[in-house]
Amino acid sequence: MNDATNPAPVDYRATLNLPDTPFPMRGDLPRREPGWVKQWEEQGTYQRLRDARIGAPRFVLHDGPPYANGALHIGHALNKILKDSIVKARQLAGYDALYVPGWDCHGLPIENQIEKNFGRGLSRDEVQAKSRAYATEQIAQQMADFKRLGVLGAWDRPYRTMDFGNEAGEIRALKGLMERGYVYRGLKPVYWCFDCGSSLAEFEIEYADKVSPTVDVAFLCAQPERLATAFGLPSLAGKDAFAVIWTTTPWTLPANQALNLNPELEYALVDTERGLLLLAVALVDKCLERYGLQGKVLATAKGWKLDLIEFHHPLAAVDPGYARTAPIYLADYATADDGTGLVHSAPAYGVDDFQSCTAHGLSHKDILNPVQGNGVYAAELPLFGGQFIWKANPKIVEALRDAGRLLASSQFSHSYPHCWRHKTPVIYRAAAQWFVRMDEGEGVFTTAKAPGTLRETALAAIDATSFYPENGRARLHDMIANRPDWCISRQRSWGVPLPFFLHKVTDALHPRTMEFIERAALLVEQGGVEGWAKLDAREWLGDEAEEYTKSSDILDVWFDSGSTFSHVLKGSHAGAGHDSGPEADLYLEGHDQHRGWFHSSLLIACALEGRAPYKGLLTHGFATDGNGRKMSKSLGNVVAPQSVSEKLGAEIIRLWVASTDYSGDLNIDDKILARVVDAYRRIRNTLRFLLANTSDFDPAVDAVPHDQLLEIDRYALARAGQLQREILAHYEVYEFHPVVAKLQVYCSEDLGAFYLDVLKDRLYTTAPKSLARRSAQTALWQITHAMLRWMAPFLSFTAEEAWPIFAAGPKGAPVSPSIFTETYWRFAEGGDEALLAKWQRIIEIRAVANKAIEAVRAEGGVGASLQAELGITANDEDRALLASLGNDLRFVLITSAAELLAGTELAVQVSPSSASKCERCWHYRADVGSDPAHPTICGRCVGNLEGAGEVRTVA
C-alpha cells in the first residue's frame with residue numbers, strides 16, 4: 001500500500017519533453033525520390049516558383065544544350081546538378097531564377113547512328129526524317145533522367161535546336177552575320193575528317209599523340225646557274241644540287257607545288273658524296289649526321305637571295321605526271337628549330353602553305369588537291385591513285401628511296417589533331433567552304449558593315465565578362481586571339497541549311513540571295529529544314545534554275561547552339577522572361593567548351609550584337625574515377641548516375657557534386673560515394689534533431705523576443721547569422737564545396753558538439769512552456785529556417801521533404817508550396833562581435849575541460865561528464881568571463897558542479913561527485929530526494945514539474 005513514506009513509483013521519462021517528428025531518420029531516398037519528382041511535376045512546382053517571383057529581378061542561366069544522343073552519363077549529371085543548384089540558390093536570394101533546358105539535335109553523331117541503324121545509302125529526306133524521330137526519342141529519355149536528379153526547370157517547354165522556329169532563327173542569324181560583312185566563301189585548307197566526310201571547326205579538334213613517318217627529301221635544282229649566283233659561286237662545277245626538306249607528312253608530297261625558306265635565315269650549300277645540299281646553316285651538322293654523310297660548306301647566303309629559284313619534284317624522273325618544278329617562296333614560318341630549315345609546300349594541305357602560294361600568285365584552280373573527302377587519292381594521281389593516304393605513306397617513302405631522293409627516314413611521335421568525335425587523325429584539306437571572317441576583309445552581301453573586326457570585338461567582350469574560375473579568361477582569350485577564320489559549312493544532311501543558290505559557272509551567289517534567305521527562314525519556320533531539302537529551285541528561280549545549283553551544305557552544328565541566345569533568349573522563350581536582351585547572366589559548361597559552345601556563342605553574339613551573350617562564364621572539370629582516370633567501359637570504372645540513384649538516391653549524387661571543387665576534375669567511385677553518404681547522414685540527423693525539438697513550437701504564440709532570449713541562444717543566432725553571411729558570399733560567386741564543408745562543420749561542431757549538446761538539458765527537463773525552453777526553441781526555429789535554405793540548392797529532396805513538416809508547425813498551418821518560394825532567412829543584425837568573441841573563448845575553455853574529464857574517465861574515475869565536479873583555475877579575464885555565466889556554467893560544461901578558482905593559467909581539476917544521481921535529469925545533486933513525494937529526483941526537477949520552474953539566465 002502506498003503512503004507518504006512510500007510514494008508510488010513515477011515514470012519520470014514520461015515527464016520529459018522528448019523530441020518527436022515524423023521526419024524519419026532514414027531518408028530511404030531511392031524509394032521516395034521518384035514520388036517527389038512526380039509531385040513536383042503534377043503540382044507545377046516550377047511554374048509556382050515563377051509565380052512567386054513576379055516582378056522580381058531576373059536571373060537567367062542559359063542552358064548549353066546536351067546532345068540528343070545516348071543515355072546520360074555522370075558528366076551530364078554533374079553539369080545539370082551544378083546548373084540546378086545555382087538556379088535554386090539565386091531563386092532563394094529573391095531572384096526570378098529562370099531555367100529553360102535545351103537540347104542540341106542536329107549533326108554528325110545522330111547521322112552516324114541512323115547509318116548504323118538503317119545502313120548507308122539513305123536519301124537526304126530519309127536521313128532527316130529518321131534523325132528527327134531519333135532525336136525526339138533520345139530527348140524523352142534524357143529528360144526523364146534529368147528530372148530524376150531533382151532538376152527543376154521548364155520541362156514542359158524546353159528548347160530544341162531542331163524546333164522549326166529555332167532552325168529558322170539560325171538562318172536569320174546567318175543573314176545577320178552576312179549583312180555585317182563577316183561571311184565569305186573561299187577555297188581554303190580546313191580541318192577535314194575522313195570518317196565525318198566533312199570539314200570540321202576548330203572547336204571539333206582535340207590533340208593526341210600520333211606516330212608519323214619522317215622523311216628528308218632532296219629536290220633537284222632546275223636552275224643551277226641561278227643557285228650558284230645566289231651563293232656567290234661562278235658555277236656548281238657540274239655537280240647536282242638539291243634543296244632538302246624534312247616532313248612528317250609524306251602523303252602531301254604528291255601535291256607539292258613550292259618550297260619555303262626564311263628570308264633572314266642563313267643557308268649553306270654543302271658539298272657531300274650525295275651532291276650539293278641546300279640546308280640551314282644552323283642545322284648542317286645535325287642533318288649530315290642524320291644522313292650519314294661527310295660534307296663541306298662551300299658558301300652561305302641569306303634566304304632572300306634564293307627567292308624564286310626552281311627545283312624539280314623528287315618523283316619527276318619516275319613518272320611524267322610529276323614533271324613540274326617547285327619555286328622557292330620566302331616565308332617566316334620556315335625556321336631552323338628542326339628539320340632542315342626548308343619547308344615543302346602543298347597549298348591544298350596547309351594554311352601557311354596555302355597563304356604563301358596564293359600570295360605568290362597561284363590561282364585557286366591551279367592548286368593540286370588529289371586527296372578526296374574519304375582520304376583516298378583520286379584515281380588519276382600518278383603512282384598512288386586510289387590509295388588511302390595513311391596506307392600510301394610507306395609506298396611514297398619507298399618510291400622516293402628508289403628514285404634516289406630519300407636522304408633519311410624514321411618514325412616520329414608527336415601531338416597531332418584528331419576528330420573529337422571519332423578520335424581519328426584529321427588533315428588540312430582545301431575545300432570551297434563558307435567562313436566567318438575574324439579580321440579585315442569583305443564579306444558577301446554586306447549592307448551594314450560592323451565597326452571593328454570580329455576578333456577585336458570578341459577580345460573586348462572577354463575583358464567585360466566575369467569568369468569562374470578566373471583562369472578561364474586567359475584560356476578563351478588565347479583561343480580567340482589565335483584562331484583562324486571559322487569554317488561554318490558542312491557537307492552533311494541533318495542540319496540547318498545554308499540556303500544559297502550558286503551560279504554553275506562563276507560560283508557566285510544569286511543577286512537575290514538576301515531575299516531568298518528570309519524566304520528560306522519562313523519556309524523552315526513552317527516545315528523545318530526538310531522544307532529546304534524538298535524545295536525545287538524552279539519554284540523560286542523559274543528559268544534561272546538551269547543556271548544555278550541549290551546548296552546542299554548545312555551549318556556547322558556549333559552555329560546551332562552558338563546562336564541560341566538570339567532565337568531562344570529573345571525568340572522562342574522570350575515570354576519566359578528572356579526578353580530583356582541577348583545577355584544571359586551565366587553560361588555554365590565543362591572547360592572543353594572554351595573551344596566549343598562558349599566560343600561559338602561569343603563569336604556569333606559579337607558579330608550580331610557587338611558583345612558577349614553572357615555576363616559570366618563558369619567552367620567545371622570532368623568526372624573521373626577515384627584515381628583520376630577518365631571513365632571507360634574497358635577499364636570498368638564507369639559510374640552511371642542511374643545506378644547510383646537506384647542504389648543510394650540522386651540526393652547523394654547532388655551532394656557529391658556540391659561537395660567537390662568543380663574547378664578541377666571531380667573524382668567519383670564507391671568509396672567516395674560512401675563518404676558522401678556519411679556526410680548526408682550527419683546533416684540529416686542534425687536536421688531531424690532540429691525538427692523534433694521544434695515540433696510543438698508555434699512561433700505566433702511561443703516565440704521569445706530577441707532581447708529576452710538567453711545569452712547562449714542569442715550567441716547561437718549570431719553564429720548562424722555569421723555562417724549565413726559566409727554561405728551567401730560563396731553562393732554569390734557560384735561556389736558550393738565551401739558551403740558543404742562549412743555546413744558539415746557547423747552540424748558536427750557548432751551544433752552537435754556544443755550548442756545542441758548544451759541545450760538538451762534545457763529542452764528536455766524544463767517546463768514545456770517555460771521561458772528557458774521557448775527561448776531555446778526560438779533559436780532552433782530560426783536556425784532550422786536558415787539551414788533548410790542553405791542546403792536546399794543541393795539537398796533539394798531533403799529540404800523539400802522537411803519543409804512542410806517544419807513550416808506547418810504544431811497546428812498544421814498552411815505552408816508555401818515549396819522551400820524555393822521562400823528567400824534566405826533574415827537574422828537580427830548588429831552587436832554580434834563581442835558576443836561571438838566571448839562565446840568562442842568559452843568554447844575553447846570548454847574544450848580544455850572536456851579533455852580533463854576524458855583523461856579521468858579513461859582511468860575510471862568518472863563515467864559520464866555529469867558525474868564530474870570541476871575546479872577551474874583561470875586568469876582574471878577568463879575567470880570573469882566564466883563568472884558571467886553564473887550557475888549556468890555547469891550547464892555549459894555539462895557537469896553537475898563547477899567552481900572557479902583564482903590563478904594565472906587555465907587548469908581544470910576533475911573529481912567525481914559524491915551526490916546522488918537524479919533519475920530524471922541525470923545530474924548528481926545533493927538535494928536528490930529532498931521532496932518526499934519525489935525521492936529519486938533533484939529539487940530542480942521537482943520545481944520544473946510542480947512549481948514555477950527553474951530560472952535560467954544564460955544557458
Side-chain angles (χ1 to χ4, degrees), residues 65 102-107 124-125 128-129 131-132 135 159-185 434 436 443-448 486 488-490 492-502 509-542 544-545 548-575 578-579 582 600-601 603-605 607-609 613:
W103 270 274
D104 213 351
C105 307
H106 297 124
R124 177 176 287 254
D125 289 350
Q128 290 178 338
S131 294
R132 189 175 290 278
Y159 80 86
R160 308 181 306 169
T161 58
M162 68 177 183
D163 289 338
F164 295 173
N166 289 335
E167 291 175 335
E170 191 175 336
I171 292 173
R172 293 189 175 105
L174 170 66
K175 181 183 178 185
L177 265 69
M178 293 176 68
E179 289 171 338
R180 294 173 68 79
Y182 290 117
V183 178
Y184 71 94
R185 188 172 192 251
W434 292 95
V436 170
V444 290
F445 288 96
T446 304
T447 58
W486 177 11
I488 58 171
S489 51
R490 296 292 181 273
R492 306 299 305 180
S493 297
W494 177 229
V496 175
L498 286 124
F500 300 150
F501 295 101
L502 297 166
L509 286 173
H510 194 284
R512 294 164 60 199
T513 289
M514 299 308 273
E515 172 195 335
F516 290 148
I517 291 177
E518 182 55 38
R519 285 182 67 178
L522 292 171
L523 179 69
V524 169
E525 207 161 32
Q526 296 300 314
V529 297
E530 295 87 338
W532 171 262
K534 295 172 183 176
L535 176 70
D536 186 333
R538 286 172 293 188
E539 295 178 39
W540 289 11
L541 301 184
E544 282 187 308
Y548 285 87
T549 299
K550 189 181 78 165
S551 171
S552 60
D553 284 357
I554 64 169
L555 279 163
D556 174 16
V557 72
W558 290 108
F559 203 99
D560 287 27
S561 55
S563 61
T564 54
F565 73 89
S566 177
H567 50 78
V568 172
L569 296 191
K570 296 196 301 178
S572 63
H573 286 75
H578 294 158
D579 51 359
S600 62
S601 300
L603 294 182
I604 297 173
L608 293 178
E609 307 283 350

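Keep in mind that this is a model prediction, so the values were computed, not measured.
- A search for ring-ring contact (aromatic ring centres under 6.0 Å, His included) contacts involving Y548 returns H503, H510, not counting sequence neighbours.
- Within the 4.5 Å cutoff, the side chain of L498 has heavy atoms near those of the W434 side chain.
- A distance-only check finds a donor-acceptor pair linking the side chain of D556 to the backbone of W558 [under 3.5 Å].
- Under the 4.5 Å side-chain criterion, counting only non-hydrogen atoms from C-beta, V557 is not in contact with R492.
- When all heavy atoms of S563 and A173 are compared, the closest pair comes out as CB-CB, 4.1 Å.
- Contact record, Q128 with A533: OE1-CB, 3.4 Å, taken as the closest heavy-atom pair.
- Although no hydrogens or angles enter the test, the distance criterion places no donor-acceptor pair under 3.5 Å between the side chain of R538 and the main chain of A545.
- Taking 4.5 Å as the limit, every side-chain heavy atom of H106 sits out of range of all side-chain heavy atoms of I554.
- Between atom CD1 of residue I517 and atom CD of residue E179 there is a gap of 8.0 Å, rounded to the nearest 0.5 Å.
- Between E539 and K534 there is no salt bridge, since none of the side-chain N atoms of the basic residue sits less than 4.0 Å from a carboxylate O of the acidic one.
- Summarising the geometry, atom NZ belonging to K550 is positioned 10.5 Å from atom CG belonging to L541; distances are rounded to the nearest 0.5 Å.
- A search for ring-ring contact (aromatic ring centres under 6.0 Å, His included) contacts involving Y184 returns F435, not counting sequence neighbours.
- When the options F500, F516, F501 are evaluated for a ring-ring contact (aromatic ring centres under 6.0 Å, His included) with W532, the one that passes is F501.
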